[in-house]
Amino acid sequence: LGIDLTSVLHSLGIQGNQQGRQRVLDTFQSPWVETSRSEVEPRFFVPE
Amino acid sequence: TNQEKMFLVFTEWVKLLQRVPENDIKVTVFIRQMMDKGVINSTDNMIQFTKAAIELSVGSFKESDPTSEVFIATDAFSKLIVKLLVLQDFTALSRSEYLRLMISVITMVFSEDQGMADNSFNERPYFRLISSLLCQWEDVSGHNFIKIQDQQFRNELIEFTPEFYNIIASFLHAFQPIAYPGFSFAWITLISHRMFLPKMLSLPGKVGWSKLILLFTDLLKFMAQYTKKNDVPDAVSVVYKGALRVFLAVANDAPEFLVENHYELLNNLPHVYMQLRNVILSAIPKRMVLPNPYDPQLSIGDVESCQHVPNVFYDPVQDLKNLKKPVDNYLRIPSASLLRVISTGIFKADQQKDSGIGYDSVSVDTKLINAIVLHVGIEAALEKDKTTATAIFNTKSSYYALLASMLSEGTTEVRFHVVQAIVNQLRYPNAHTLWFNYVLKNLFLSEEWGPSFAEIQEIIIRTLLERVVTNKPHCWGIIVTFTELLKSSECSIMTLPFVKDVPEVEHIIKHL
Amino acid sequence: EYSALQNPLFQPGLDYWLETKRTLLQPHETMPAEMASQLESSLLNCPDSLDADTPKLYYNSLSLPHPTSIFFPNETIRLVSNDPVDLAKNHQKQNDIYSRTSMGRIMSRFDLDTLFFIFYHYQGTYEQFLAARELTIRGWQFNKINRCWFYKEVEKLPPGMEQSEEISWRYFDYQKSWLARRCGAEFVYREEEFERI
């Protein structure tokens, strides 16, 4: 029957509304909440 | 010995990177000297050096105090790989071959480490190596390698980049959980890595998609293999939880990947993972706004996006095998003999175990059935564009007739899998959803089944029901179709025997 | 006969690697005890977000952490917070992938002095990048030629004047005074001199 995905989506940083949908894979820490306690440095670019 | 010399050189490299910034001239000079002094100037030396580097990296991890910096050597090694790819002139060997060679050597060391019986294998340094390699490649490749001054090198590196990711993907495919269970959790973390997955999803021309599908298939196959009805090992449950989160993230960031690859993904998804199936099938193209499927005034034919044919990345015609000709010929001119060929051709040589809901084995080739059904839908949509809608929204058309005949000729098992394949196409508003909605409604209400009527109706209701009783998401096309059947005045579902006779089912249907 | 299989450098790894191919061709029906144990072990060692973080080998001397109590961890912990972001913001950058990170949020609370300090002294780092982003959000622009940040001040004039607004430019003098100063009258804004961030 699956589970209520609300808390899973919240743990991913996915907000309910369609508007202003933000990408989450670029800052994805880990597939599991338990191993996602600290943030990871996303890609960035600094000109010379 | 040569090996000891290699160890020394690598150790010096590790120390150097801690003392100077990585773009310091000394770093480039060090690498130049490595080449000039013959450390890595031959394939055998390259192999030996790579072996020394990975062994030292893993060894240093294992010996380090866990509260200290345990990955210094590993990170230095991945930095070296990137530098070697970027700084060298590649004439005799291509960059691709060079990278493959290094990763092949790493694979050998990795295989030996995990194969040894002493249980000292730890996936983390190998994970870190690939993770750091991905991070450092991202760093050097920013803005199309703008930090590389030589224009020719820049162009070569830009051209090489999709290859870089596809090579990593190929090696991840070899490291898949069924082959290396001791690496499973690192593996899942790698395929969803922030420097890998979004990149593979967005490479121009979708050139990363095939390999990504391969990797997701590897994951789903592992889950399918070890998900038994009465016994799911705890670790496999954890794998599932991680897979679900990854698919939800993909549905958020790149729904078009799930939309265009639903066929291949579902071919390997165990039937019991109903919610995950719904997550994949509920993916909606970005910016599409769905009409309320519960709106009593909704008429699916009037929804504008139902005129648009969805893109299917992998053409299922490739999976039709020796049934391609009979199916295409039947679609041109239906005949009983062609139907017989198709109806018998969908059976497997032997029964195969399967953890389905309500069944333990399959004797039909479900992948082949899925391919036939989707192929018919694709051809029908093409036909509509070439001719008119009435050519396909017509129970006398060959497209409808093939699916209906497969049901009428088929065993219960065949009927079940054909209906499942049809319902898999009831997704967001598009031309396939529209046509399969038409097909399913007519199959349900058809008066041509004779004694099979009850069974076919039951299979259709069961298939729709199992996808809406789960927690959300639910597919738009399924809700719309089910609502239409529930409201149908031609047939009151409540009076059907399989509903009346089972109180739980009657209760749910009444509620719906 | 393949030369790879003759090469002693590939032994014994190649044998183990071949074993895995056998498992791929014929996966075990049910999970054997050894496989279950390997899977458990993998679960126990599962890499976490610290393992997946970007590697840093060389530390710029100014960016070494200040001495702190030994009871505090050495690692900076950037804790994940999934508090919702206020989406009613003006600047497009406030909706990018960095807006939800703890560092991105902290930067939005730093004053200009701190942002300039990070920008000029943490060269080439993620922190410098975020400081530049935050300065851009606040309307500052970076001049590629003199490496200074500029700010365009628009002052609305009272009605009845010839012009409706008066424009003046400021720049942050990082080399000498460490202050924001007004640009002289001779200053001409040339778009191509400024970094498009």
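Chain A is the first sequence line, chain B the second, and so forth, proteins listed ahead of strands; every chain is numbered from 1.
- The contact between C:E195 and chain A is made entirely by side chain atoms (from C-beta outward), counting heavy-atom distances below 4.5 Å.
- The local environment of NZ in C:K144 is crowded, with over 12 non-hydrogen atoms from other residues, nucleotides or ligands closer than 6.0 Å.
- Under the 3.5 Å distance criterion, the side-chain polar atoms of C:S49 are matched with a main-chain donor or acceptor of A:S38.
- Using a 4.5 Å cut-off between heavy atoms, A:T27 touches chain C through its side chain atoms alone.
- Within a 6.0 Å radius of NZ in C:K156, other residues, nucleotides and ligands contribute 12 heavy atoms or fewer.
- Heavy-atom minimum distance, A:P42 versus C:I97: CB-CD1, 4.1 Å.
- Sparse packing is recorded around CD of C:E34, with 12 or fewer heavy atoms of other residues, nucleotides or ligands lying under 6.0 Å away.
- Atoms CZ and CZ, on A:R23 and C:R100 in that order, are 10.5 Å from each other to the nearest 0.5 Å.
- Going from atom CG of C:D48 over to atom CD of A:E34 covers 11.5 Å, rounded to the nearest 0.5 Å.
- By the 4.5 Å heavy-atom criterion applied to side chains, C:S99 and A:Q22 are counted as neighbours.
- Within a 6.0 Å sphere centred on CD of C:Q6, heavy atoms belonging to other residues, nucleotides or ligands number more than 12.
- A distance of 10.0 Å separates CG in C:D96 from CG in A:D26, rounded to the nearest 0.5 Å.
- A:E39 and C:S102 share a side-chain donor-acceptor pair at under 3.5 Å.
- By the neighbour-count criterion of 12 heavy atoms within 6.0 Å, atom CZ of C:R182 is sparsely surrounded, having that number or fewer from other residues, nucleotides or ligands.
- In this structure, CG on C:L50 lies 10.5 Å from CD on A:Q29, to the nearest 0.5 angstrom.
- What you find for A:F44 and C:Y98 is that their closest heavy atoms are CA-OH, 3.7 Å.
- Within 6.0 Å of the CD atom in C:E192, the count of heavy atoms belonging to other residues, nucleotides or ligands exceeds 12.
- Only the side chain of A:V46 comes within contact range of chain C, with at least one heavy atom under 4.5 Å from a heavy atom of that chain.
- Looking at A:F45, the atoms closer than 4.5 Å to chain C (heavy atoms on both sides) all sit in the backbone: N, CA, C or O.
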